[in-house]
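A short write-up of the structure that comes next.
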Amino acid sequence: MKSNLIDYDKEANETLEVLAEIVVLLHSSGTHNARITRNIERIAKGLDYNVELVLTFNGIVISIYKDNAQKKYTLSKSITLKGINFETVSEISILSWDVLENRISLEKIKSILKGIKQKTVYQKLSLYSFLSLASAALCLLFNGDGLEALIAFIATFIGFGLLRFFKSQSYNTFFSIFLVTVVSVSTIHLLGALFNIRVVEALAVSVLYLVPGVFLINSFIDYLESFIEAGSSKLIYSFLIIAAIASGFFFSNYLFSKIGSCTTICDISSLQNNITFYSQHFGLALMISKFILGGITSLGFAILFNTPKRALWVVFLLGGLGFLMKYYLNIELNFVQILAVFCASCFVGISGMYFAHRTHTPPLVFTIPAVINMIPGLLSYKFMVGMIDWIMEPNGNQQSVAEVIQTFSFGISAIFIVFALAFGVAISVIVFKNHSVKGNDLNRLIELYFQKKEKN
């Protein structure tokens with residue numbers, strides 16, 4: 001009897017350790033709390049256990065027990081954020097269904113987890129190249145020209161390399177982001193001065209890869225799923241990162257305002273004007289280019305987030321179509337930008353239900369990268385520049401009330417656009433929050449709808 005109890009304790013503790021490891025992996029890979037809870041409950045059920053889970057921003061408390069058992073087994077673990085890794089999120093989702101449906105052993109689960117942790121999705125060169133290309137494409141989407149796109153590519157390549165170095169050295173996150181922002185923005189200022197060209201759009205996209213879009217969307221979902229503390233923690237963390245970015249912008253702009261204009265080594269402003277003039281009207285080609293550039297931007301961020309390779313084509317498709325819809329509604333049909341972004345992000349979010357079933361991937365894994373190209377980078381940049389100008393204005397030369405109002409309108413518009421973006425992406429999670437995409441294939445939903453209609 002005592003031997004059986006010891007064996008049971010050993011099995012329960014091993015199970016608890018594995019479940020805690022899975023929760024930590026999911027949490028540190030950038031997913032929202034509702035998905036973590038669903039996945040871990042699914043796995044626990046497949047192992048014939050009940051589970052109770054408490055999640056905080058940097059720690060977990062997990063308990064498991066058998067039905068009608070008097071004893072609970074509890075474990076707490078701290079969590080270190082490792083960055084967004086949608087490959088891990090996707091693979092653990094697949095694993096959870098495998099455990100539930102096929103009742104695989106604990107040893108097999110350990111083996112699979114070991115493979116998930118050791119897997120490298122994209123090589124360093126791919127990360128650098130595609131993220132820099134995404135910044136260049138986003139610059140063109142913001143109506144920048146080819147020269148600005150090239151400068152954005154260079155600044156992103158340098159800044160991202162510096163960020164990875166800081167992470168490898170375990171530097172403070174916020175200080176690292178501040179320094180990366182200073183270097184990226186200063187690189188653009190310097191190149192713009194040396195070649196005497198405009199760099200506004202390049203500056204607007206130079207550090208968008210630092211913006212915590214995934215955390216903002218996850219915090220929004222956590223609020224809607226009643227994980228108030230977790231949502232608040234992620235929101236505060238996001239605001240601190242944004243504050244670090246804004247501080248970096250302020251410092252770089254202040255630095256270059258004090259240094260003054262640099263000596264131009266090669267004036268290519270006329271070339272830039274010619275490029276701008278000849279690229280203004282392309283008709284149908286313009287719409288096609290918006291689709292392609294929107295897809296490239298989303299693809300670059302998908303690779304940054306370690307999105308599974310099998311889902312990249314979906315990211316490109318939804319990223320291109322989503323931005324094209326937003327552009328058409330806003331520019332061609334004169335929709336308010338907030339409404340255009342909301343409609344486009346809703347399209348991406350709902351479409352994600354269909355493609356999630358086709359790619360065996362959770363919807364947010366590819367819907368979040370797909371809407372990154374709609375982040376209000378230009379509005380945010382104008383707000384930051386307006387605030388910097390306001391703060392740095394010499395005494396006796398105050399900004400007018402109209403200029404101050406305009407500056408704050410940029411900031412308020414950017415905030416509402418981010419909310420519209422987050423809600424649009426999360427709409428499928430909200431509507432179908434009690435179901436898995438395995439039971440929500442779009443073709444099946446349409447079939448059930450018409451069956452119900454025929455009965456009525």
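These numbers were taken from a predicted model, which means no experiment stands behind them.
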Handout entry: More than 12 heavy atoms of other groups within 6.0 Å of Lys110 NZ
Key = yes
Practice task
To the nearest 0.5 angstrom, please state how far the CD1 atom of Ile84 sits from the OG atom of Ser28.
Solution key: 9.5 Å
Fill in the blank from the handout: Interatomic distance, CZ@Arg35 vs CZ@Arg38, rounded to 0.5 Å, equals 5.0 Å
Practice task
Compare all side-chain heavy atoms of Val205 with those of Leu208 and state whether any distance is below 4.5 angstrom.
Solution key: yes
Practice task
Dump the intermediate steps for side chain to side chain contact (heavy atoms under 4.5 Å, CB included) on Ser233 and Phe227, then the final yes or no.
Solution key: CA-CA 10 Å; Ser233 299; Phe227 292 98; over 6 Å; no
Fill in the blank from the handout: Shortest non-hydrogen pair, Phe249 vs Leu203, comes out as CZ-O, 3.4 Å
Problem - Gap between atom CZ of Phe130 and atom OH of Tyr122 - 0.5 Å precision - result: 9.0 Å
Exercise for the section: Look at the aromatic rings of Phe57 and Tyr237 and report parallel, tilted or perpendicular, splitting at 30° and 60°. Expected result: tilted
Exercise for the section: Quick one: closest heavy-atom pair of Ser252 and Val182, and the distance? Expected result: OG-O, 4.0 Å
Problem - Electrostatic pair Glu91:Lys114 at N-O distance under 4.0 angstrom - result: no
Exercise for the section: Report yes or no: does Ser90 contribute a side-chain atom to a donor-acceptor pair with the main-chain N or O of Glu87 at less than 3.5 Å? Expected result: no
Problem - Check: Trp313 ring centroid to Phe366 ring centroid under 6.0 Å - result: no
Exercise for the section: Find the distance between CZ (Phe174) and CD1 (Ile241) and round it off to the nearest 0.5 Å. Expected result: 6.0 Å
Practice task
Using distance alone, with no hydrogens and no angle criterion, decide if His27 and Asn58 have a side-chain donor and acceptor under 3.5 Å apart.
Solution key: no
Exercise for the section: Identify whether the distance between the nearest side-chain nitrogen and carboxylate oxygen of Asp48 and Arg103 falls below 4.0 Å. Expected result: yes
Practice task
To the nearest 0.5 Å, tell me how far Arg42 CZ sits from Asp98 CG.
Solution key: 12.0 Å
Problem - Ionic contact status for Lys117 with Glu21, cut-off 4.0 Å - result: yes
Problem - Atom pair CG (Asp222) and CG (Leu235), whose distance is rounded to the nearest 0.5 Å - result: 10.5 Å
Exercise for the section: Ignoring hydrogens and angles, tell me if any N or O in the side chain of Asn85 forms a donor-acceptor pair with the backbone of Ser29 under 3.5 Å. Expected result: no
Exercise for the section: Establish, yes or no, whether the cationic atom of Lys66 lies under 6.0 Å from the six-membered ring centre of Tyr49 and within 45° of the ring axis. Expected result: yes
Handout entry: Heavy-atom side-chain contact between Leu329 and Leu339 under 4.5 Å
Key = no
Practice task
Flag the pair Ile60 / Ile79 as yes when at least one side-chain heavy-atom distance between them is below 4.5 Å, and no otherwise.
Solution key: yes
Exercise for the section: Please determine if Lys72 forms a cation-pi arrangement with Tyr65, meaning its NZ or CZ atom is less than 6.0 Å from the six-membered ring centre and no more than 45° off the ring axis. Expected result: yes
